[in-house]
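See below for the structure under consideration.
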Amino acid sequence: MSEPPVRGAGRAEERAEAAMSEAETAGRAEAGARELLEIRGLQVVFDGFRAIDGVDLTVRQGELRFLIGPNGAGKTTLIDVITGLTRPSAGSVRFAGTELVGRKEHRIVRLGIGRTFQTSVVFEELTVVENLDLAATFRRPLWALLRRRRGVSDTVAEALETVGLTDLAERPAGVLSHGQRQWLEIGMLIAQRPRLLLLDEPVAGMSRQERERTGELLTTIAEDHTVVVVEHDMEFLRRYASQVTVLHEGRVLVEGDVAQVRADPRVQEVYLGRTAEEAA
Amino acid sequence: MESLLNQLPIGLSIGAVLLLIALGLTFTFGQMGVINMAHGEFIMAGAYTAYMLQDWAGAQAAAVALPVAFALAGTMGWVLERTAIRHFYGRPLDTLLLTWGVSLVLQQAARDLFGAPNVQVVAPSWLNGGVTIGGGTLPYNRLFIMALAIACVAGIWAYQNRSAQGRRMRAVMQNRELAACSGVATARVDQLTFFIGSGLAGVAGVALTLIGPVGPSIGTYYIVDAFLVVVAGGLGQLRGAVIAALALGMLNSFAEFWTNASLAKVIVFAAIIVFLQFRPQGMFVLRSRALT
Amino acid sequence: MSERVRGYALFATVALLLLVVAPLALPAFRLDELAKYLCLAIAALGIGLAWGQGGMLTLGQGVFFGLGGYAMGMYLKLHDAGGDLPDFMVWSGVERLPALWQPFGNPVVALAAVVLVPVAVAVLLGALVFRRRVRGAYFAILSQALAAAFVILLVGQQGLTGGTNGLTNFYDFFGRDPEAESTQRTMYFVVAGVLGVLYLLARQLVGSRFGRLLVAVRDGEDRVRFLGYDPALVKTVTFAISAGMAGLAGALFVPVVGIISPSLLGVVPSLELVVAVAVGGRYALAGAILGAVVMNYAKTSFSEEWAGGWLYLQGALFILVMTLAPKGAVGLYQQARDALARRRGASAAAVEKPGVAVKEEVPA
Ligand SMILES: Nc1ncnc2c1ncn2[C@@H]1O[C@H](COP(=O)(O)OP(=O)(O)OP(=O)(O)O)[C@@H](O)[C@H]1O
Ligand SMILES: [Mg+2]
């Protein structure tokens with residue numbers, strides 16, 4: 001089921017949005033959009049503390065990018081800035097050529113960026129299907145939501161299948177286990193049909209099996225989406241990552257493929273403790 | 001011009017009363033997320049304390065009543081916290097409705113005990129008269145209320161910043177879980193905060209007897225404005241409460257002077273809505289990263 | 001599915017009771033009282049929508065009720081005056097009809113204003129407040145302050161609003177004598193009909209995707225943003241709908257009771273209505289209606305017997321409900337039903353909806 005078009009008339013932003021979602025359904029074949037996300041000179045300051053201190057980052061269309069770094073490196077903050085939750089003190093974030101800084105959260109989502117949260121947040125009183133359906137229908141105008149949902153739309157069914165929650169579809173999300181919630185969140189993300197997915201520590205707190213399933217899920221999703229994953233887990237990284245960016249104390253430390261990054265002495269330094277020279 | 005000058009002490013003393021009331025509210029609200037509608041009835045309890053003490057202390061009743069009212073209202077608050085409110089933490093809106101039920105009962109009890117009509121408390125003679133400054137008069141009773149508010153704010157400030165117990169209070173306010181993990185007995189801190197906050201309402205009640213009559217529903221006149229002070233000042237913020245209370249008191253009295261009493265409230269309300277456009281969480285905010 | 005059938009059966013039963021049994025069984029003045037409760041139930045329905053479903057604790061519904069009531073009252077007053085000044089204006093020495101009153105001479109304008117004015121005020125307030133993410137307790141306090149200010153304004157503007165007395169002494173209600181028994185009877189059916197229609201519409205709303213969205217906004221406003229929705233819009237719309245319902249309720253109240261005055265609209269009456277909703281069961285629309293009717297009935301009958309006692313009783317009942325049964329009567333009923341079903345061991349088949357949990361809210 002293809003999404004109905006967005007309100008036709010109105011602000012330029014919404015028209016751009018409509019154009020974009022059309023382009024998306026047309027097979028993500030925009031010319032010149034090789035660089036999907038461009039972050040330049042980003043700075044975030046919290047009460048004098050520089051959580052992000054001059055980050056440049058480029059994510060290309062179709063890429064699966066891992067973002068790693070020790071606690072407090074600024075990974076979540078970076079995602080917060082991209083999605084409009086936190087306002088940077090300097091720098092720019094461009095998404096497919098559109099500046100995101102200063103836009104409201106829901107507007108950014110409407111441009112085609114979806115995210116999950118480090119601690120998953122789903123709507124416990126809605127069923128799994130309802131959660132997904134909510135995620136799938138945001139492009140419709142409000143009055144179109146006044147009808148009852150009849151059955152399960154293709155988008156939702158597909159998302160259910162992808163994250164493997166079909167059996168739990170009619171249960172309230174409140175009864176899900178931690179891992180299942182994370183999957184539901186990922187499912188909601190898929191149902192949103194975004195052009196860029198930002199996942200904040202999707203496997204944190206998961207069991208080994210759950211991790212593996214999530215890894216496979218991630219690989220599937222990455223086939224036809226652009227994905228940025230924040231992750232701590234080195235093992236997970238080794239198995240599923242290709243391109244990695246290492247953040248440390250608000251800066252990009254290293255960027256490259258997994259082997260390169262793992263071999264880099266600076267990375268070992270920040271992950272395995274400080275060296276003598278720093279302690280001095 | 002003269003009468004304009006006279007508005008100043010009126011505004012300041014209304015602000016002072018609002019401050020006394022709002023102090024307790026802002027801490028119970030900020031620390032425990034409790035919206036205590038029965039706070040107004042603690043004011044009433046304080047006011048009736050002064051009234052009752054007249055038999056015994058005569059014209060000095062208001063002065064004698066201050067500590068008694070503090071203890072009485074504080075105890076009432078403590079009992080309320082122990083018996084009911086502590087089951088409601090994390091459900092602020094429900095505490096609002098719960099405490100409104102309590103407030104109904106207390107008001108009716110006062111009506112049965114003291115009668116429905118207003119009563120008068122005779123102010124101590126040393127509060128009669130006033131000083132004249134630049135054409136305006138500063139009545140002593142209003143000066144006294146301001147001094148009382150200053151004393152209470154200073155006391156709270158010292159308590160929060162200088163005493164170990166007060167620091168615990170601030171810790172709980174900033175992060176309850178963390179404070180609990182760090183060994184702070186949060187339940188005890190809550191009780192004490194409630195006691196002090198409610199006690200201050202009692203003090204405010206005594207102060208109100210100096211500028212007007214006392215009735216069973218005296219609290220309801222002030223509680224709404226006091227909550228506005230909390231909203232405008234920011235939760236649990238001493239500075240915010242002081243500034244917001246004075247601003248609201250002044251705005252109220254000047255708006256009344258320039259227009260009339262019935263428009264003044266609307267003006268104050270509009271002013272607060274406008275203010276919240278710039279500071280949606282009040283003047284000062286305790287930061288938190290939590291996604292609600 | 002059977003859940004749904006049961007719902008319709010219940011609705012039909014209640015409709016039968018209200019539309020057939022009550023008019024036959026009740027004496028005229030009792031029916032009139034019931035009409036009054038049903039008016040309040042319409043306003044309560046709006047509260048159930050805004051608060052129970054949307055999490056907006058609105059303590060100022062009296063304002064919208066009043067705006068609707070005054071719009072209706074102003075029209076009736078002007079109609080009675082027949083081109084002259086309404087009686088109370090003459091008494092307060094007003095010489096020319098205030099500009100504010102002029103449009104209300106037209107019944108169409110007045111009837112439209114009954115809904116549109118409350119909606120406009122709610123949209124304005126909602127846009128200002130929700131857009132800035134003022135919510136939870138802050139919103140409750142602001143709405144209460146609005147009610148306080150509104151009443152003080154009404155009382156103070158004697159010449160414009162009739163002051164404390166409000167608007168009363170209506171002699172002609174669309175060509176009928178408002179006091180006549182037949183008019184009262186007709187009004188009863190009108191009120192019951194409006195309530196029924198609004199209830200069905202509200203149910204439809206709650207069951208729709210918008211309703212799901214509303215619950216999501218209630219439970220996680222910030223998360224909803226990241227699903228691409230604007231919670232401020234959702235809340236403003238819902239708040240406006242509830243305001244419109246209150247306005248309509250106020251307008252119907254005027255011919256039924258024959259008066260609209262500040263004492264019906266202030267902080268306390270507004271809170272009382274919220275209380276009624278809580279007692280009935282805030283998470284179910286039917287609970288809101290039930291609560292409003294029962295609580296107001298109890299208030300009337302008790303106040304007839306022992307005025308002070310009602311306040312004790314109301315206060316105590318309220319403390320008990322909030323402590324022991326925060327989901328109200330409907331919640332208790334659901335609990336009992338579930339317990340019974342479990343005992344029968346019939347739970348295997350039923351994919352039952354668990355009762356709505358009382359959510360932890362985060363202040364502001
Ligand atoms: N709202 C805020 N106020 C103050 N400091 C903040 C705020 N948000 C983040 N910080 C600080 O910024 C730094 C970066 O935080 P961030 O959450 O982005 O780290 P992270 O890389 O996601 O860490 P983790 O791996 O623990 O999730 C931390 O030191 C954090 O304490
Ligand atoms: Mg993080």
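First the proteins, then the strands, lettered A, B, ... as listed; each starts at 1. Because the structure is predicted, anything quoted here is derived from the model rather than measured.
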When rounded to the nearest 0.5 angstrom, what distance separates [atom1] in [X] from [atom2] in [Y]?
{"X": "Asp94(B)", "Y": "Leu57(C)", "atom1": "CG", "atom2": "CG", "answer": "8.5 Å"}
{"X": "Ile141(C)", "Y": "Met37(B)", "atom1": "CD1", "atom2": "CE", "answer": "8.5 Å"}
{"X": "Met322(C)", "Y": "Leu93(B)", "atom1": "CE", "atom2": "CG", "answer": "9.0 Å"}
{"X": "Ile35(B)", "Y": "Tyr138(C)", "atom1": "CD1", "atom2": "OH", "answer": "10.0 Å"}
{"X": "Phe269(B)", "Y": "Ile152(C)", "atom1": "CZ", "atom2": "CD1", "answer": "12.5 Å"}
{"X": "Tyr312(C)", "Y": "Gln107(B)", "atom1": "OH", "atom2": "CD", "answer": "11.0 Å"}

Contact origin within [X] toward chain B - heavy atom pairs under 4.5 Å:
{"X": "Val268(C)", "result": "both"}
{"X": "Val155(C)", "result": "neither"}
{"X": "Leu125(C)", "result": "side chain"}
{"X": "Ala140(C)", "result": "side chain"}
{"X": "Leu59(C)", "result": "side chain"}
{"X": "Ala147(C)", "result": "neither"}
{"X": "Gln158(C)", "result": "neither"}

N/O donor-acceptor pair under 3.5 Å between Gln314(C) side chain and Leu104(B) backbone: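 A pair under 3.5 Å: no.
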
Contacting region of [X] [heavy-atom separation from chain C under 4.5 Å]:
{"X": "Ile273(B)", "result": "side chain"}
{"X": "Asp225(B)", "result": "neither"}
{"X": "Ala270(B)", "result": "neither"}
{"X": "Ala261(B)", "result": "backbone"}
{"X": "Ile267(B)", "result": "neither"}

Take Arg131(C) and Gln277(B) through the side-chain contact (heavy atoms from CB on, under 4.5 Å) test and state the conclusion after the steps. CA-CA 9 Å; Arg131(C) 206 176 44 80; Gln277(B) 297 304 302; 3.3 Å; yes

Looking at Val275(C), Leu142(C), Leu320(C), which makes the most heavy-atom pairs under 4.5 Å with chain B?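 The candidate making the most pairs under 4.5 Å is Leu142(C).
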
Start with the C-alpha gap between Ile319(C) and Thr99(B), add the side-chain angles, then the distance that decides, and say whether side-chain contact (heavy atoms from CB on, under 4.5 Å) holds. CA-CA 8 Å; Ile319(C) 296 168; Thr99(B) 51; over 6 Å; no

Select, from Ser262(B), Ala109(B), Gly282(B), the one with the greatest count of heavy-atom pairs under 4.5 Å involving chain C.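 Ranked by contacts with chain C, first place is Ser262(B).
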
Exercise: identify the closest heavy-atom pair between [X] and [Y]:
{"X": "Phe318(C)", "Y": "Leu98(B)", "answer": "CE2-N, 4.4 Å"}
{"X": "Arg91(B)", "Y": "Pro326(C)", "answer": "NH2-CB, 3.5 Å"}
{"X": "Ala148(C)", "Y": "Val224(B)", "answer": "CB-CG1, 4.2 Å"}

Indicate yes or no: at least one non-hydrogen side-chain atom of Val129(C) is less than 4.5 angstrom from one of Leu276(B).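 Side-chain contact under 4.5 Å: no.
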
